[in-house]
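Numbering of residues begins at 1 and proceeds along the displayed sequence.
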Amino acid sequence: MKNRKSFWGGVLTGILAVALLAGGVYLGNSVWLFYSRTQNVAVQESAEGVSENTVATQNTLNKLDVIEETIEKYYLESVDEQTLEDGIYKGLVEALGDPYSTYYAPDELAKIQEKTEGIYYGIGAYIGIDTDTSLPRLSGIIDGTPAQESGLRAGDLIYQVDGTDVQGMELEEVTSLVKGEEGTTVHLTIIREGESDYLEMDVVRRQVESPTVNQEMLDDRIGYIQITEFDTVTLDQFTEALAVCRGKGMKGLILDLRGNPGGNLSTVCDIARQLLPEGLIVYTEDKNGKRTEYSCDGKHEITEELVVLVDSGSASASEILAGAVKDYGIGTLVGTTTYGKGIVQRIISLTDGSAVKLTVSHYYTPNGNNIHQVGIEPDIEIPFDGDAYYNNGVDNQLEKAVELMNEKLGAAGGTDR
């Protein structure tokens, strides 16, 4: 390990950059908006002139130097400087004790950006984190993908990826293990409800196009639109799906947000603007009480009857939309209580291509409800019957939504509200 002065100078740069840079919004599992600082941060390679209020004191740097020398002298395996440097940055953020705050090395950040483009190399499954077990949970399976072909199911818990325990890992760490080069195989150890032992599955990665919106007419009056994530491609897909349903004479819309872990804040707000009346969509407040509002002009308020399907996998951006629908009373929520992710993260881009994600504020529904660690209760609660779905293909929650919609349309005489 050479060039230690340069190495620790880089550490100091990283620590101060975390303290000095500010930027965009990341809300929920993957709601994010990047802000690139246009001005580089100039930091000396020594600790001279560093504020007493920073952890980057001369004593800190001296101790880091001693620890590095100790690792070099005694640690059994070899390790490169970049790995140690990234570990320092990650440790600094992890010391906050916040599971939603983290440090991204440049390659990790690139993978997150790639994910929002809708095309990647992987298995074709949507992954979230199960709060009860801290294990990754498959919230949805994309049709025609390796995940579906291998027999993976929504609701499966991932215990290991290629023999690595993933309990307690950040979601981004898990997805980076699952994704990989086209044609390679990933081995998943799965926990499935009803099975007495682990399921061992080999899944071959390939290019996956991730449609975030699925649409169909359930009959000549009821349209069905499922949103699996709120990515940059989702707005156009939703707009087209809604137009198709309306073109086919839709009188009532069932909007399925089950298993949707979140997404892009601007996207969910734009979609909300095609459904909500005039008023607030959501607002945030930081630790200083600064309030930021996201509003709708009401020009495209939905005129059809609306039912929204939700469950414990509906998180963050999904809860923004579901919460607004419930607060305005323009639709009926059916399913089970949502995840309860009511805090906002901000991804802050650093000048070397890395970034930090920090929790910076709470968000509130239009009526001022803080749903963090509480979730949103449906108007009609009905647990999902997995046995009926996987054995007989019966989606009992969707059937309830259809039943409710027929009641609404019958009461309305089959016409728009």
Side-chain angles (χ1 to χ4, degrees), residues 123-133 135-159 188 190-201 203 211-229 245 252-261 305-315 318-319 322 331-340 375-410:
I123 64 173
Y126 299 105
I127 303 176
I129 299 295
D130 181 74
T131 52
D132 293 331
T133 63
L135 287 169
R137 176 180 179 271
L138 302 186
S139 58
I141 305 296
I142 301 172
D143 290 340
T145 62
Q148 184 188 56
E149 294 161 3
S150 68
L152 289 168
R153 298 178 178 179
D156 284 348
L157 297 174
I158 303 176
Y159 178 62
L188 302 178
I190 297 296
I191 299 173
R192 179 175 293 169
E193 185 176 357
E195 297 289 340
S196 59
D197 202 354
Y198 297 117
L199 302 178
E200 305 290 345
M201 296 187 176
V203 189
T212 60
V213 176
N214 298 302
Q215 167 272 323
E216 64 176 302
M217 292 294 294
L218 300 180
D219 60 28
D220 59 355
R221 299 192 305 171
I222 302 176
Y224 169 86
I225 296 178
Q226 177 192 41
I227 304 177
T228 57
E229 287 185 332
C245 287
L253 171 63
I254 296 176
L255 181 62
D256 193 346
L257 300 179
R258 292 175 297 175
N260 184 322
E305 297 288 351
L306 178 63
V307 174
V308 181
L309 285 166
V310 294
D311 65 7
S312 61
S314 306
S318 298
E319 293 173 294
T332 304
L333 271 57
V334 174
T336 55
T337 301
T338 62
Y339 184 88
I376 300 170
E377 292 185 3
D379 300 298
I380 298 177
E381 183 166 0
I382 175 169
F384 180 68
D385 188 339
D387 289 338
Y389 182 78
Y390 290 111
N391 294 330
N392 303 310
V394 176
D395 186 339
N396 68 308
Q397 291 177 326
L398 178 57
E399 286 195 341
K400 183 63 178 179
V402 172
E403 176 188 335
L404 176 62
M405 182 60 74
N406 279 321
E407 293 176 1
K408 287 174 174 281
L409 294 177

Do [X] and [Y] come within less than 4.5 Å of each other through their side chains, counting heavy atoms only?
| X | Y | answer |
| --- | --- | --- |
| Leu398 | Leu218 | yes |
| Thr332 | Lys408 | yes |
| Val334 | Val310 | no |
| Leu188 | Ile123 | yes |

Could you give the distance from [atom1] ([X]) to [atom2] ([Y]), rounded to the nearest 0.5 Å?
| X | Y | atom1 | atom2 | value |
| --- | --- | --- | --- | --- |
| Leu404 | Asp379 | CG | CG | 9.0 Å |
| Arg221 | Leu253 | CZ | CG | 14.0 Å |
| Leu152 | Ile141 | CG | CD1 | 5.5 Å |
| Asp130 | Leu157 | CG | CG | 5.0 Å |
| Asp156 | Leu135 | CG | CG | 12.0 Å |
| Leu138 | Ile127 | CG | CD1 | 6.0 Å |

What heavy-atom pair brings [X] and [Y] nearest, and what distance separates the two atoms?
| X | Y | answer |
| --- | --- | --- |
| Ser312 | Tyr339 | O-CB, 3.3 Å |
| Ala147 | Ala125 | CB-CB, 4.1 Å |
| Val203 | Ser150 | CG2-OG, 3.7 Å |
| Met405 | Val307 | CE-CG2, 3.6 Å |
| Gly151 | Arg192 | O-NH2, 3.0 Å |
| Gln397 | Leu309 | O-CD2, 3.6 Å |

- Query: Can you name the salt bridge (charged side-chain N to carboxylate O under 4.0 Å, His left out) partners of Arg137, sequence neighbours left out?
  - Reply: none
- For the pair Ile222 and Asn406, evaluate side chain to side chain contact (heavy atoms under 4.5 Å, CB included) and give the outcome as yes or no after the intermediate values. CA-CA 8 Å; Ile222 302 176; Asn406 279 321; 3.6 Å; yes
Say whether, by atom type as modelled, one donor and one acceptor occur between the side chain of [X] and the main chain of [Y] under 3.5 angstrom.
| X | Y | result |
| --- | --- | --- |
| Ser318 | Asn260 | yes |
| Thr337 | Gly375 | no |
| Asn396 | Asp385 | yes |

- Within 6.0 Å of CD in Glu193, more than 12 heavy atoms from elsewhere: no
- Check the angle between the aromatic planes of Tyr198 and Tyr159 and answer parallel, tilted or perpendicular using the 30° and 60° thresholds. parallel
- Note on the structure: Sorted by chain and residue number, the side chain to side chain contact (heavy atoms under 4.5 Å, CB included) partners of Asp311 (sequence neighbours excluded) come out as Arg258, Ser314, Thr336
- Of all residues at least two apart in sequence or in a different chain, which pass the side chain to side chain contact (heavy atoms under 4.5 Å, CB included) check with Glu399? Val394
